[in-house]
*Asks:* 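Quick one: the structure is below, questions incoming.
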Amino acid sequence: MENLMNPKDSIEKLNNTYAQKVNILMVDDHPENLLALEAVLTSPNYNLISAQSGKEALKCMLQHEFAVILLDVQMPGLNGFDTAKLIKAREKTKNIPIIFITAISQEVEHVHQGYSVGAIDYIFKPFQPETLKRKIEQFVKIHQNHQETIIQTDLGHLLELNKVNKRLDRTTLNLRRTEALSKAISETITDTIVTFDNQGLILSVNPAVTGMFGYHEKDLVENHVLKLFPKWEDEVLSDSSLSFLPMIRKSVGKIIEVVAGRQDKSCFYADLLIASTSIEDEQIYVCTIRDVTERKQIEEVKKQRFHNLEHIVEERTLELTKSNEKLQKEIEERKRMADHLFRSQERFRKIFESSPLLKAILSQKDLTFIDINPSWSKFTGYSCDELTHQKINSRNFIDEATGKSIDFNKKILNKKIRYETKNGEVRSGLLSTEMIDIDSEPCSLVVLNDITERVHLENEMYRLDRLNLIGEMAAGIAHEIRNPMTTVQGFLQLTRNKVDKLSTDIIDLMLEELNRANSIITEFLNLAKNKISVKRNQNLNTIIEALSPLIQAEALRSNKQLKLELGECPDISLDEKEIRQLILNIALNGLDAMTSNGNLTIKTYKDKETVVLQIKDEGQGISPEVLSKLGTPFFTTKETGTGLGLAICYSVAKRHDAQIEIETGDEGTTFSARFQLIPSLTNA
């Protein structure tokens with residue numbers, strides 16, 4: 001009895017409630033699911049206990065007290081529903097919250113079955129970790145608050161019982177010892193103590209009755225004890241004082257909560273503890289009355305707090321319901337996305353199958369064929385069965401620019417290639433590859449545009465263009481050479497029948513015309529494709545600096561200026577004579593295009609893997625009609641020009657693996673020649 005009423009034990013138990021971790025039981029026959037739950041719920045405030053079967057869970061229930069149970073539905077042996085029934089059937093564990101977690105069935109009857117066996121929630125896998133974590137936190141809080149309320153209530157009762165028993169023991173002892181000691185005790189106690197006989201007539205009261213009820217001792221002695229409890233008689237005893245004593249006898253040693261009445265007709269709640277004793281064969285009852293108005297107020301506050309807590313739980317449940325609805329919407333959205341993905345795959349399949357381009361899907365892991373479309377089979381002659389799971393033969397796909405096999409591990413865009421069919425035919429095509437993922441496997445989509453027929457047509461057009469160009473060049477050569485030859489022929493015919501010798505002027509004129517014809521033939525030969533270039537590594541700036549005085553002198557003759565902006569350039573392989581001719585031709589054309597006071601700028605610089613020669617004038621620019629014909633042999637805008645200068649420049653640039661670019665406008669024209677630092681072998 002002393003242990004049960006020891007307040008120190010209750011206080012210690014209350015403190016231990018906050019210090020100890022809260023136990024949470026997780027039941028699932030799959031260890032990986034237990035690990036997933038543990039990863040979500042791991043907290044310094046939780047003690048997570050795992051069980052892999054219903055029997056193991058029941059054993060844990062005998063060893064520990066749990067705040068909440070996470071229970072899998074489908075388990076061998078005892079399933080989740082049977083385990084929940086056994087837990088709810090046990091008095092000690094029937095109030096523990098149970099949350100079912102399952103991935104098997106979402107049908108309404110299964111959910112109803114879960115709630116019917118005592119579950120408070122039913123969660124489907126895969127669950128939202130944050131949602132589950134917040135739910136567990138709320139149930140743990142409810143568990144802790146409930147434990148706190150129970151312990152505090154028990155503590156209050158124990159304290160009160162402890163005080164009352166001590167006072168009753170002390171009063172009994174004092175009554176047996178001396179009347180004086182009894183009087184001293186009665187005067188010091190704060191509770192009202194009333195003694196009455198077996199008829200209910202008051203024998204004595206202690207002084208505390210005045211402070212509690214407002215009566216003096218003389219007002220109560222020899223009056224019925226129900227005078228202190230006016231509502232007791234009306235509500236409990238049905239206005240029958242004859243049944244009061246049997247109620248008193250049954251209530252001896254028990255605490256009864258009653259409504260007491262003061263002299264001023266006001267009422268208050270009181271705890272009534274009745275004891276009985278026999279003095280000289282007369283039954284005497286001792287009644288201790290304690291005002292518990294403050295305690296009742298505290299209880300009301302606790303009830304209000306509990307009500308508020310229930311309201312919070314309802315709100316939280318509503319939030320969780322909304323979260324579940326949101327999760328359901330997300331599931332529907334994912335399903336919609338999956339349907340969209342399926343439709344996209346169907347569209348891709350239709351495009352893949354019906355495309356006129358050759359298409360194949362390769363595995364990036366080993367470059368084996370996964371699938372090909374009908375166009376691939378049509379052009380290459382290989383069927384899908386012949387190529388599936390076979391590694392692609394890169395030697396059948398040759399880069400036309402380098403003559404090397406295609407590397408299908410790299411991304412390719414419109415690379416012109418030659419490929420060999422099953423019957424040995426070599427065809428041309430434009431190859432592109434794109435990296436894609438199919439079922440989480442990295443793959444390459446190979447797209448080949450067969451241009452064999454177009455290449456044949458382009459070659460034929462090129463041959464016809466060359467024939468046409470040869471015809472135009474023949475006409476130009478005939479025209480240019482016929483003029484000086486006509487002059488020489490005319491003078492020779494005039495002097496055929498003359499005895500006198502030709503005059504020096506006539507002979508000089510004839511020689512000049514012959515030299516002109518020879519010059520035209522020489523410049524034309526400079527256009528020859530098989531002309532041999534004598535190249536060596538040298539600096540482009542050195543050639544320009546050596547040539548600049550000549551260009552400066554020519555510029556000064558027409559009141560113009562030459563500017564040099566030579567940047568640092570590495571040595572490259574050049575034929576000095578041909579480069580001098582290229583620079584002179586473009587520079588002199590630039591000087592001719594400008595009026596007086598114009599500036600001709602020659603600039604060099606390195607741009608990535610090229611060395612750039614730039615010659616800029618300040619003329620009026622080149623019209624689109626003339627620009628489209630620049631570089632054509634025998635096309636000129638000068639009265640005395642041969643039309644071979646720029647054509648020779650293009651020929652020199654080609655032999656040096658260089659590109660000539662032209663930018664023109666109202667502020668002048670810029671000719672740029674880009675020389676490769678490492679020229680290709682085909683032009684070496």
*Asks:* For residues Met75 and Gln52, determine if any side-chain heavy atom of one lies less than 4.5 Å from a side-chain heavy atom of the other.
*Replies:*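 Counting from C-beta outward, Met75 and Gln52 never come under 4.5 Å.
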*Asks:* Would you mind reporting whether Ser444 and Lys411 have side-chain heavy atoms less than 4.5 Å apart?
*Replies:*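 Sidechains of Ser444 and Lys411: no contact.
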*Asks:* Donor-acceptor pair, distance only, cut-off 3.5 Å: does the side chain of His656 make one with the backbone of Leu574?
*Replies:*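 Answer holds: no.
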*Asks:* Using only atom types and a distance under 3.5 Å, with no angle test, would you say the side chain of Asn79 pairs donor to acceptor with the backbone of Asp82?
*Replies:*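 Here the side-chain-to-backbone pair exists.
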*Asks:* State whether the number of non-hydrogen atoms from other residues, nucleotides or ligands found under 6.0 Å of Glu353 atom CD is greater than 12.
*Replies:*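 It does: Glu353 CD has more than 12 such atoms within range.
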*Asks:* Once side chain to side chain contact (heavy atoms under 4.5 Å, CB included) is applied, do any residues pair with Lys422, and if so which ones, sequence neighbours excluded?
*Replies:*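 If we apply the side chain to side chain contact (heavy atoms under 4.5 Å, CB included) test to Lys422, skipping adjacent residues, the hits are Tyr382, Glu386.
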*Asks:* What's the spacing between Ile372 CD1 and Thr380 OG1 if we round to 0.5 Å?
*Replies:*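 Those atoms lie 6.0 Å apart.
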*Asks:* Are there over 12 heavy-atom neighbours, none belonging to Glu330, within less than 6.0 Å of that residue's CD?
*Replies:*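 Yes, the 6.0 Å shell around CD holds more than 12 heavy atoms from other groups.
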*Asks:* Crowded around Glu568 CD? As in, over 12 foreign heavy atoms under 6.0 Å?
*Replies:*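 It does not: Glu568 CD has 12 such atoms or fewer within range.
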*Asks:* Return yes if some donor-acceptor pair links the side-chain N/O of His340 with the main-chain N/O of Arg336 below 3.5 Å, else return no.
*Replies:*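 Side chain of His340 to backbone of Arg336: no pair is present.
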*Asks:* Answer yes when Asp339 and Arg343 have at least one side-chain N-carboxylate O distance shorter than 4.0 Å, and no when they do not.
*Replies:*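 No, no charged N to carboxylate O under 4.0 Å.
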*Asks:* Nearest 0.5 Å, please: how far is OH in Tyr650 from CG in Leu582?
*Replies:*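 Those atoms lie 10.5 Å apart.
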*Asks:* Would you call Asp366-Lys391 a salt bridge at under 4.0 Å N-O?
*Replies:*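 Here Asp366 does not pair with Lys391 in a salt bridge, since their nearest N and O are not under 4.0 Å apart.
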*Asks:* Show your reasoning for whether side chain to side chain contact (heavy atoms under 4.5 Å, CB included) applies to Asn537 and Ile572.
*Replies:* CA-CA 5 Å; Asn537 279 341; Ile572 54 177; 5.6 Å; no
*Asks:* Donor-acceptor pair, Thr601 side chain versus Lys563 backbone, under 3.5 Å?
*Replies:*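 Flag not set: sc Thr601 to bb Lys563 has no pair under 3.5 Å.
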*Asks:* Are the charged groups of Glu576 and Arg536 less than 4.0 angstrom apart, N to O?
*Replies:*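 Salt bridge flag = yes for Arg536 with Glu576.
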*Asks:* In the structure I gave you, are the side-chain heavy atoms of Leu70 and Leu132 within less than 4.5 Å of one another anywhere?
*Replies:*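 Leu70 vs Leu132: side chains touch.
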*Asks:* Side chain to side chain contact (heavy atoms under 4.5 Å, CB included) for Val446 and Trp376? Distances and angles first, verdict last.
*Replies:* CA-CA 10 Å; Val446 181; Trp376 190 284; 4.2 Å; yes
*Asks:* Can a salt bridge be assigned to the pair Arg316 and Glu319 using a cut-off of 4.0 Å between side-chain N and carboxylate O?
*Replies:*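 Yes, Arg316 and Glu319 are salt-bridged.
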*Asks:* How many angstroms lie between CD1 in Ile136 and CG in Leu48, if you round to the nearest 0.5 Å?
*Replies:*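 Answer rounded to 0.5 Å: 9.5 Å.
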*Asks:* Within the 4.5 Å heavy-atom criterion, are Arg427 and Thr421 side-chain neighbours or not?
*Replies:*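 Yes, their side chains come closer than 4.5 Å.
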*Asks:* Thinking salt bridges, do Glu346 and Lys350 make one under a 4.0 Å N-O criterion?
*Replies:*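 Salt bridge: no.
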*Asks:* For the residue pair Asn585 and Cys649, what are the closest heavy atoms and their distance?
*Replies:*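 The pair with the smallest heavy-atom distance is CB-SG, 3.5 Å.
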*Asks:* Hey, could you give me the CD1/CD1 distance between Ile615 and Ile583, rounded to the nearest 0.5 Å?
*Replies:*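 It comes to 6.0 Å.
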*Asks:* Do Glu332 and Lys329 sit within salt-bridge range, that is, some charged N less than 4.0 Å from a carboxylate O?
*Replies:*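 Here Glu332 does not pair with Lys329 in a salt bridge, since their nearest N and O are not under 4.0 Å apart.
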*Asks:* Could you state the interatomic distance from CD1 (Ile660) to CD1 (Ile586), rounded to the nearest 0.5 Å?
*Replies:*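 These two atoms lie 5.0 Å from each other.
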*Asks:* What is the minimum heavy-atom distance between Leu34 and Ser50, and which atoms define it?
*Replies:*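 Distance-wise, the nearest heavy atoms are CD1-CB, 4.0 Å.
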*Asks:* How would you list all residue pairs meeting ring pair (Phe, Tyr, Trp, His ring centres under 6.0 Å) that involve residues 401-452, not counting sequence neighbours?
*Replies:*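 Output for this query lists Phe397-Phe408.
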*Asks:* Looking only at atom types and distance, does a side-chain atom of Asn373 sit under 3.5 Å from a main-chain N or O of Phe352, one as donor and one as acceptor?
*Replies:*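 Side chain of Asn373 to backbone of Phe352, a donor-acceptor pair under 3.5 Å: yes, one is there.
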*Asks:* For the pair Asp571 and Asn539, evaluate side-chain hydrogen bond (donor to acceptor under 3.5 Å, both in side chains) and give the outcome as yes or no after the intermediate values.
*Replies:* CA-CA 5 Å; Asp571 293 348; Asn539 196 284; 3.2 Å; yes
*Asks:* Answer yes or no: is there a donor N or O on one side and an acceptor on the other, between the side chain of Ser363 and the main chain of Cys443, under 3.5 Å?
*Replies:*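 No: the side chain of Ser363 does not pair with the backbone of Cys443.
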*Asks:* Donor-acceptor pair, distance only, cut-off 3.5 Å: does the side chain of Thr664 make one with the backbone of Ile622?
*Replies:*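 Judged by distance alone, yes, a pair lies under 3.5 Å.
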*Asks:* Taking the side chain as everything from C-beta on, heavy atoms only, tell me whether Ile451 gets closer than 4.5 Å to Lys416.
*Replies:*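 Yes, close enough: below the 4.5 Å cut-off.
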*Asks:* Tell me if the CZ atom of Arg347 is crowded by more than 12 foreign heavy atoms within 6.0 Å.
*Replies:*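 Yes - once you tally the heavy atoms of other residues, nucleotides and ligands closer than 6.0 Å, there are more than 12.
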*Asks:* For Ala67 versus Pro97, what's the shortest heavy-atom pair and its separation?
*Replies:*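 Nearest heavy atoms, Ala67 then Pro97: O-CD, 3.1 Å.
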*Asks:* For the residue pair Leu387 and Phe369, what are the closest heavy atoms and their distance?
*Replies:*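 Leu387 and Phe369 have their closest heavy atoms at O-CB, 3.1 Å.
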*Asks:* Ignoring hydrogens, what is the shortest heavy-atom contact between Ala51 and Leu25? Give both atom names and the distance.
*Replies:*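 Taking every non-hydrogen atom into account, CB-CD1, 4.3 Å.
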*Asks:* Where do Ile406 and Leu431 land on the side chain to side chain contact (heavy atoms under 4.5 Å, CB included) test, with the steps shown first?
*Replies:* CA-CA 9 Å; Ile406 297 297; Leu431 180 68; 3.7 Å; yes
*Asks:* Would you confirm whether Ser432, through its side chain, and Asn414, through its main-chain N or O, come within 3.5 Å as a donor-acceptor pair?
*Replies:*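 A pair under 3.5 Å: yes.
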*Asks:* From Asn449 CG over to Lys359 NZ, what is the distance, rounded to the nearest 0.5 angstrom?
*Replies:*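 Between Asn449 CG and Lys359 NZ, I get 11.0 Å after rounding to 0.5 Å.
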*Asks:* Using side chain to side chain contact (heavy atoms under 4.5 Å, CB included), reason through Leu677 and Val611 one step at a time and then give a plain yes or no.
*Replies:* CA-CA 7 Å; Leu677 289 178; Val611 174; 3.5 Å; yes
*Asks:* Do the non-hydrogen side-chain atoms of Ile544 and Leu613 ever get within less than 4.5 Å of each other?
*Replies:*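 Side chain of Ile544 against side chain of Leu613, heavy atoms only: contact under 4.5 Å found.
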*Asks:* Does Thr402 use its side chain to pair, donor to acceptor, with the backbone of Lys404 at less than 3.5 Å?
*Replies:*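 It does hold such a pair.
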*Asks:* Does a side-chain heavy-atom distance below 4.5 Å link His389 with Ile370?
*Replies:*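 Of all side-chain heavy-atom pairs linking Ile370 with His389, none is under 4.5 Å.
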*Asks:* Given the rule in the side-chain hydrogen bond (donor to acceptor under 3.5 Å, both in side chains) test, do Ser394 and Ser405 qualify, once you have shown the distances and angles that lead to the verdict?
*Replies:* CA-CA 6 Å; Ser394 59; Ser405 299; 4.6 Å; no
*Asks:* Please determine whether a side-chain nitrogen of the Lys or Arg among Glu137 and Lys141 lies less than 4.0 Å from a carboxylate oxygen of the Asp or Glu.
*Replies:*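 Salt bridge between Glu137 and Lys141, a charged N being under 4.0 Å from a carboxylate O: no.
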*Asks:* What pairs with Leu584 under side chain to side chain contact (heavy atoms under 4.5 Å, CB included), at least two apart in sequence or on another chain?
*Replies:*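 Leu584 satisfies side chain to side chain contact (heavy atoms under 4.5 Å, CB included) with Leu547, Leu550, Ile551 only.
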*Asks:* Would you mind reporting whether Asp72 and Asp29 have side-chain heavy atoms less than 4.5 Å apart?
*Replies:*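 Answer yes - side chains close enough.
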*Asks:* Evaluate whether atom CD of Glu661 has more than 12 neighbouring non-hydrogen atoms of other residues, nucleotides or ligands under 6.0 angstrom away.
*Replies:*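 Enclosed: over 12 neighbouring heavy atoms sit under 6.0 Å from CD of Glu661.
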*Asks:* Under a 4.0 Å threshold between the charged nitrogen and the carboxylate oxygen, would Arg674 count as salt-bridged to Asp607?
*Replies:*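 Salt bridge: yes.
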*Asks:* Kindly give the heavy-atom pair with the smallest separation between Ile412 and Lys415, and that separation in Å.
*Replies:*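 Closest approach of Ile412 to Lys415, heavy atoms only: CG2-CB, 3.5 Å.
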*Asks:* If the threshold is 4.0 Å, N to carboxylate O, is there a salt bridge linking Arg655 and Glu578?
*Replies:*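 Salt bridge between Arg655 and Glu578, a charged N being under 4.0 Å from a carboxylate O: yes.
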*Asks:* Apply salt bridge (charged side-chain N to carboxylate O under 4.0 Å, His left out) to the pair Glu325 and Lys322, showing each step before the final yes or no.
*Replies:* CA-CA 5 Å; Glu325 293 176 354; Lys322 292 181 179 179; over 6 Å; no
*Asks:* Output yes when a side-chain donor or acceptor of Asn541 lies under 3.5 Å from a complementary backbone atom of Gly567, and no otherwise.
*Replies:*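 Answer holds: yes.
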